[in-house]
Amino acid sequence: MEMIDLRSDTVTRPSKAMRQAIANAEVGDDVFGEDPSVNRLQEAMATMLGKEAGLFVTSGTMGNQLAVRAQTHHGEEIVVEEHAHVFNAEAGALGALAGVQARLLHGQRGTITRDQIAQVVRPKNVHYGRTALIAVENTHNRANGAIFPIDVLADIRAFALERGIRVHMDGARLFNACVASGRPAREYARHVDTVSICLSKGLGAPVGSVLVGDREMIERAAYYRKMYGGGMRQAGILAAAGLYALEHNIDRLADDHANARRLAEGLAASPAVDLNVEEIQTNIVYFGLRRGLSAPDVITRLREHSVLMLATGPRTIRAVTHLDVSRAQIDRAVDVCQSVLARENQAG
Ligand code: TLP
């Protein structure tokens, strides 16, 4: 039976048409700045986000870490929500590569506020590492793909400007936020200095992210990209997939959101599941298991029925919808989950 892979939206494979775009890509040496497809992609993303320049990078992790490195100095502090990807899931790079300390805040569904930030910003004093950067995540992965509210972001930005602090947005799934909220990407981007956007998640490209910001910052990021081994040569074959994704795969994210809703409703109907359907705004569904059920056990049972999800804790599971999962497959996944959970529930 075909697998229904809901572990992540990173698992998508390039479609035939995207592969055609890859095959037809014009290329050059991007370390010399001579790859026309890479240049087109960088410009297209910068324009969409209303920024001066863009930089094509290997991954969301590299986009975030270059943004941090290029906007901070060793020993400074970055204020970030405690479950943010940039702090939790990037192999300790904040310390290892940028040499910064993270000042963690507890967010409400991934959102941190101006007031919270104001309380932890360091005053000028010989004892303190300067607060150099605030990082927000939109959508917020660990908060069920929650959209970062734009008015809260505007407040943070106003405060940051007053205090001379830069703001970075991990916009790995920014276009999910845009499609779900009906707001264009540049409305979010105008409240931050830099944004990193992934092409290889819901947008369906095989590789890559783009970091955007002002020209000077992007030049610094390009220097660190080379230092980190991220200078690619005929990367146009990858950029062509990204350009294809920007043209064809943004509006359809609405289907993924509808599928995530449907999945969440189906899961929430099980008494074994702890999940608030109202929290599902985009394509990510985390759910808890009640009555002592074990997430690794449930995952194993689901796999036996060709449904793949991720255990993200002893009693938490994550499912993510994307362009390689159809509505019919979601309906089947719901049936499988309900029968597996009912059986596990009886056994437990
Ligand atoms: N997230 C991956 C895993 O690392 C958890 C996933 O499957 O969701 N920012 C956010 C908000 C992300 O969710 C991710 C990837 C990244 C950055 C990093 O992107 P990559 O994997 O391209 O380095």
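Atoms within a ligand are numbered from 1 in the order they appear, just like the ligands themselves.
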(message) Just by distance, no angles: are the side chains of Asp324 and His322 close enough, under 3.5 Å, to form a donor-acceptor pair?
(response) no
(message) Side chain, backbone, both or neither: which applies to Arg173 and ligand 1 if a contact is any heavy-atom pair less than 4.0 Å apart?
(response) side chain
(request) Give the numbers and elements of all ligand 1 atoms closer than 4.0 Å to a heavy atom of Ser59. (result) 22 (O), 23 (O)
(message) Below 4.0 Å from ligand 1: does a non-hydrogen atom of Met62 turn up there or not?
(response) no
(request) Please report which non-hydrogen protein atom sits nearest to atom 21 (O) of ligand 1, along with the residue it belongs to and the distance in Å to one decimal place. (result) Lys201 NZ, 3.9 Å
(message) Checking contacts here: is it the side chain or the backbone of His140 that comes within 4.0 Å of ligand 1, counting heavy atoms only? Could be both or neither.
(response) neither
(message) Does any N or O of ligand 1 fall below 3.5 Å from an N or O anywhere on Ser200, backbone included?
(response) no
(request) Please work out which of the three classes, parallel, tilted or perpendicular, describes the rings of Tyr228 and Tyr224, given edges at 30° and 60°. (result) tilted
(request) Identify the protein heavy atom lying closest to atom 7 (O) of ligand 1, giving its residue, its atom name and the separation to 0.1 Å. (result) Ser8 OG, 2.7 Å
(request) Spell out, yes or no, whether Phe287 and Val325 are grouped together once hydrophobic residues are joined by side-chain heavy atoms under 4.5 Å, including indirect joins. (result) yes
(request) Around atom 22 (O) of ligand 1, find the nearest protein heavy atom and jot down its residue, atom name and distance. (result) Gly60 N, 2.8 Å
(request) May I ask you to check whether His257 and Gln281 show a side-chain donor-acceptor distance below 3.5 Å? (result) no
(request) Considering only non-hydrogen protein atoms, determine which one is nearest to atom 23 (O) of ligand 1 and report residue, atom name and distance to 0.1 Å. (result) Thr61 OG1, 2.6 Å
(request) Specify side chain, backbone, both or neither for Val320, according to which of its non-hydrogen atoms lie closer than 4.0 Å to ligand 1. (result) neither
(request) Answer yes or no: is there a donor N or O on one side and an acceptor on the other, between the side chain of Arg130 and the main chain of Arg122, under 3.5 Å? (result) no
(request) Check ligand 1 against Glu90 and write out every atom of the ligand that is under 4.0 Å from a heavy-atom position of the residue. (result) 17 (C)
(request) Show your working on side chain to side chain contact (heavy atoms under 4.5 Å, CB included) between His140 and Phe148 and close with a plain yes or no. (result) CA-CA 7 Å; His140 196 294; Phe148 202 99; over 6 Å; no
(request) Please write down residue, atom name and distance for the protein heavy atom closest to atom 12 (C) of ligand 1. (result) His85 CD2, 3.3 Å
(request) Can you pull out the closest protein heavy atom to atom 9 (N) of ligand 1? Residue, atom name and distance to 0.1 Å, please. (result) Asp170 OD2, 2.6 Å
(message) Tell me which one of Glu137, Glu278, Glu279, Glu81 satisfies salt bridge (charged side-chain N to carboxylate O under 4.0 Å, His left out) with Arg109.
(response) Glu279
(request) Heavy-atom contacts with Glu137 under 4.0 Å: which atoms of ligand 1 show up? List them by number with element. (result) 11 (C)
(request) Could you state whether Leu174 and Ile134 fall into the same hydrophobic cluster, counting links through intermediate Ile, Leu, Val, Met, Phe, Trp or Tyr residues with side-chain heavy atoms under 4.5 angstrom apart? (result) yes
(message) Assess, by modelled atom type and distance only, whether the side chains of His168 and Gln71 contain a donor and an acceptor separated by less than 3.5 Å.
(response) no
(message) Measuring only between side-chain heavy atoms, which start at C-beta, is Glu76 closer than 4.5 Å to Leu133?
(response) no
(request) Tell me, please: is Arg318 in heavy-atom contact with ligand 1, that is, under 4.0 Å? (result) yes
